[in-house]
Structure formats: structure tokens, C-alpha cells
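One structure is given here, and the rest of the page talks about it.
Predicted, not measured: the structure shown is a model, and the values here were computed from it.
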Amino acid sequence: PHMAAPGRSAPEPAQWPRLAKLAASACAATVAELVTFPLDLTKTRLQIQGEAGVREHVRRAASQPAHRGMLSTAVGIVREEGPLKLWQGATPAIYRHIVYSGGRMLLYEQLRESVLGRSKDGGSFPVWKAAVGGLVSGALGQFLASPTDLVKVQMQMEGKRKLEGQPPRVRGVHHAFIKIASEGGLRALWAGWAPNVQRAALVNLGDLTTYDSVKHFLLRNATLQDNCLCHGLASTCSGLVAATMGTPADVVKTRIMNQPWDSNGKGLLYKSSVDCLVQTVKIEGFLSLYKGFLPTWLRMGFNLLYLAVKCTQVYFISNRRPAS
């Protein structure tokens, strides 16, 4: 979800406390997460499909299912596992948004308004400042939320493991947190944090930078007002850039988090994120780094719901406040 505040034509009320903004953003992000979660589950399954590490080390190539596309993967989940399995792992995803989306938004706004500062023209935000703010806020927010991503990925793969005859790893969200921490210590909850943070930084760099730049370009050079159409066009462009920049790191992150671990907390398929990247490109080809690209972009587009809810809340509070 995007964090850019509405423009000068519809300013956000200064009296609105940051805690209320955090709650509003978390609620809006939760709704958007539930609506688009089947795309996230489909993306995860696509990123694991034909995994190089499995074929190279576990030698299960003969048992690998035929490659599927986005629609056939989603339909296969419904047919083979049941329609409700499209939302398997939604609970840790909501936990992630509470930590990540709300914290990222507040940190980005704090950096933008108090640390980096807007331009002297009264409202525009330079590209380089948006890039710095996006990188810092996204990386820190994702690091804090990384344990929830780990649990989410493992839960999303449980249906596939069951079909393959493998024993379940986790029974639920809280069991997953306890099991991971008890077997590998608290450090194990941050497995895969490095590509996760890299992905978040790249997504924020592409997302926030493009969003702010496109929105101000449209307001200055087109006849559009600062409304949902303007936000929608900016969101479509920023989603494309963000998905292009972040998908390779997302593929590595998903594979690192999904791999089995030994008793010492070391991965059995990949030694590190770099090893995962090298194996993936070497065995599957460069384009394998973009597995799950389409559902990723579509999901970012559907997150316009987040913008609509946030914009509506701002307008509602603004119109209800008595004039001073």
C-alpha cells in the first residue's frame, strides 16, 4: 500500500494524531490484504514451483508436478485443496501489515516532514528524498515484520506439502511461532530477513518514488484533480516499477524461508541468499527470478482499495471538524 498523503487540494488535517493514522492504515491494509491474499498465495506457490535447490539436492525432479501459470495454479488450489485454502496464512499476513504498513507509513511521513523536508515550492517532494525515505522506512519496517513473513510462507506451503505426502510443519500461527523459536531460538524467526529487507527496500524505492513523482507530474501537467483517478494512475505506474524491482529478491526470500533446516538452524538447500540466487539462475535461468511477477503486480494494483479507504477517512474527518 502507498503512503503518500493527499495533495494540496485535499490536505490531511494536522489535528489527526499519529496513533489514529496508524490504526486507520492498519485497518485499511487488513481489508486490502484479505481481498488480495489469494494472489499472494498463488505468487508464493509459483515462486517455489520447479525450485532449483530441491531438484539439485533432494533429487525429486521426477516427482515435480507440471509447471502451471497463475490461473491454473489458483484453480488447482481450489480443486485439490479447497477454496478456503486460498486464504491459508492470512492471519500472519495481517499481523505483518499491522507492524509493517502502519510503521512504514508513520516513519516515511516523519522522515518526509521532519527530517528530509519538502521543497520550497510548497508541496512537491524531490525524487531523491522520496527514495531515501522509502528505503529507510521500508527496510526497517520489513525487518521488524520478518518473523510474520516467515510464518506466512510456511503456512502457505502446507497445502502443497500435504498433497505430496509430507508431514505438516505447523498447525497454526501461534504454534508456528513457538515451534520455530523453540527449535532454533529467537534468531530463527528472522531466517531470510536479508532478502526480505532487500525486497522491501527495492519495492519502496520503486513504489514511493514513482508514486509521488507521477502524482505530482499529473497534477502539474494534466487536467486531473487530486482525486481517486489521479491516485489510481500513479498507483498503476508505481506498482509496475515496484514489482519489477522487488520480485527477484522476493523469489529468493520465499525459497530461503520455505527450505528445511537442520538442528543447528542451517538451511539444507541453500547456504545463503547469494547461494539461492546463483542456484536459481544457473539451473532455472534468469527469468525464473520473475516467477510470480503477474500476481505481484496485480496485487499492488488492487491495493488501490487501501488508498480509497484512507482517502475516504481523511475526507470524512476533515468535513466533520468544526471550523476554528
Expected output: side-chain [X] to main-chain [Y] donor-acceptor under 3.5 Å:
X	Y	value
Thr148	Ala145	yes
Gln154	Ala176	no
Thr254	Asp250	yes

Margin query: Going by the rule side-chain hydrogen bond (donor to acceptor under 3.5 Å, both in side chains), which residues pair with Ser146 if we only count those two or more places apart in sequence or in a different chain?
Written below: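 In terms of side-chain hydrogen bond (donor to acceptor under 3.5 Å, both in side chains), with neighbours along the sequence ignored, Ser146 is linked to Asn196.
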Quick one: list whatever passes side-chain hydrogen bond (donor to acceptor under 3.5 Å, both in side chains) with Arg45, sequence neighbours left out.
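Partners of Arg45 by the side-chain hydrogen bond (donor to acceptor under 3.5 Å, both in side chains) criterion, ordered by chain and then number, come out as Glu81.
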### Task
Step by step, work out the side chain to side chain contact (heavy atoms under 4.5 Å, CB included) result for Leu298 and Met70.
CA-CA 11 Å; Leu298 289 176; Met70 183 184 74; 3.8 Å; yes
So, for [X] and [Y], which heavy atoms are closest and what is the spacing to 0.1 Å?
X	Y	value
Leu39	Pro295	O-CB, 3.6 Å
Leu240	Thr244	O-OG1, 2.8 Å
Phe143	Trp190	O-NE1, 2.8 Å
Trp261	Gly267	CE3-N, 3.2 Å
Met300	Ala242	SD-CB, 3.8 Å
Leu34	Ala90	CD2-CB, 4.2 Å

According to a hydrophobic-cluster definition based on side-chain heavy atoms being under 4.5 Å apart (Ile, Leu, Val, Met, Phe, Trp, Tyr only), do [X] and [Y] belong together?
X	Y	answer
Tyr95	Leu186	yes
Val274	Phe286	no
Trp193	Ile180	yes
Val251	Ile48	no
Val281	Leu287	yes

After noting the C-alpha distance and the side-chain angles of Arg299 and Lys43, does the key distance pass the side chain to side chain contact (heavy atoms under 4.5 Å, CB included) rule?
CA-CA 10 Å; Arg299 192 163 186 260; Lys43 176 211 72 172; over 6 Å; no
Hey, is [X] close enough to [Y] for a salt bridge, meaning N to O under 4.0 Å?
X	Y	value
Lys291	Glu284	yes
Lys152	Glu158	no
Glu164	Lys160	yes

Mind checking whether [X] and [Y] have side chains closer than 4.5 Å, heavy atoms only?
X	Y	result
Leu218	Leu233	yes
Ser72	Val75	no
Leu41	Trp87	no
Val214	Thr236	no
Thr280	Cys276	yes
Lys162	Pro168	no
Lys253	Ile256	no
Thr247	Arg199	no

- request: Dump the intermediate steps for side chain to side chain contact (heavy atoms under 4.5 Å, CB included) on Glu80 and Leu163, then the final yes or no.
  value: CA-CA 8 Å; Glu80 298 164 3; Leu163 290 175; 3.4 Å; yes
In Å and rounded to the nearest 0.5 Å, what is the [atom1] to [atom2] distance from [X] to [Y]?
X	Y	atom1	atom2	result
Thr30	Ile94	OG1	CD1	5.5 Å
His175	Ser182	NE2	OG	7.5 Å
Lys85	Gln156	NZ	CD	12.5 Å
Thr42	Arg68	OG1	CZ	11.0 Å
Leu277	Arg255	CG	CZ	10.5 Å
Leu269	Asn258	CG	CG	8.5 Å

Query - Pair listing, salt bridge (charged side-chain N to carboxylate O under 4.0 Å, His left out) test, anchored in residues 181-195, at least two apart - result: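 The answer is Lys179-Glu183.
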Problem - Heavy atoms from other residues, nucleotides or ligands near CZ of Arg161 exceed 12 (cutoff 6.0 Å) - result: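 Yes, the 6.0 Å shell around CZ holds more than 12 heavy atoms from other groups.
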Given the rule in the side chain to side chain contact (heavy atoms under 4.5 Å, CB included) test, do Val151 and Phe177 qualify, once you have shown the distances and angles that lead to the verdict?
CA-CA 7 Å; Val151 172; Phe177 280 114; 3.6 Å; yes
message: What I want to check is whether the side chains of Gln47 and Tyr290 have a donor and an acceptor closer together than 3.5 Å.
response: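 No, Tyr290 and Gln47 have no side-chain donor paired with an acceptor closer than 3.5 Å.
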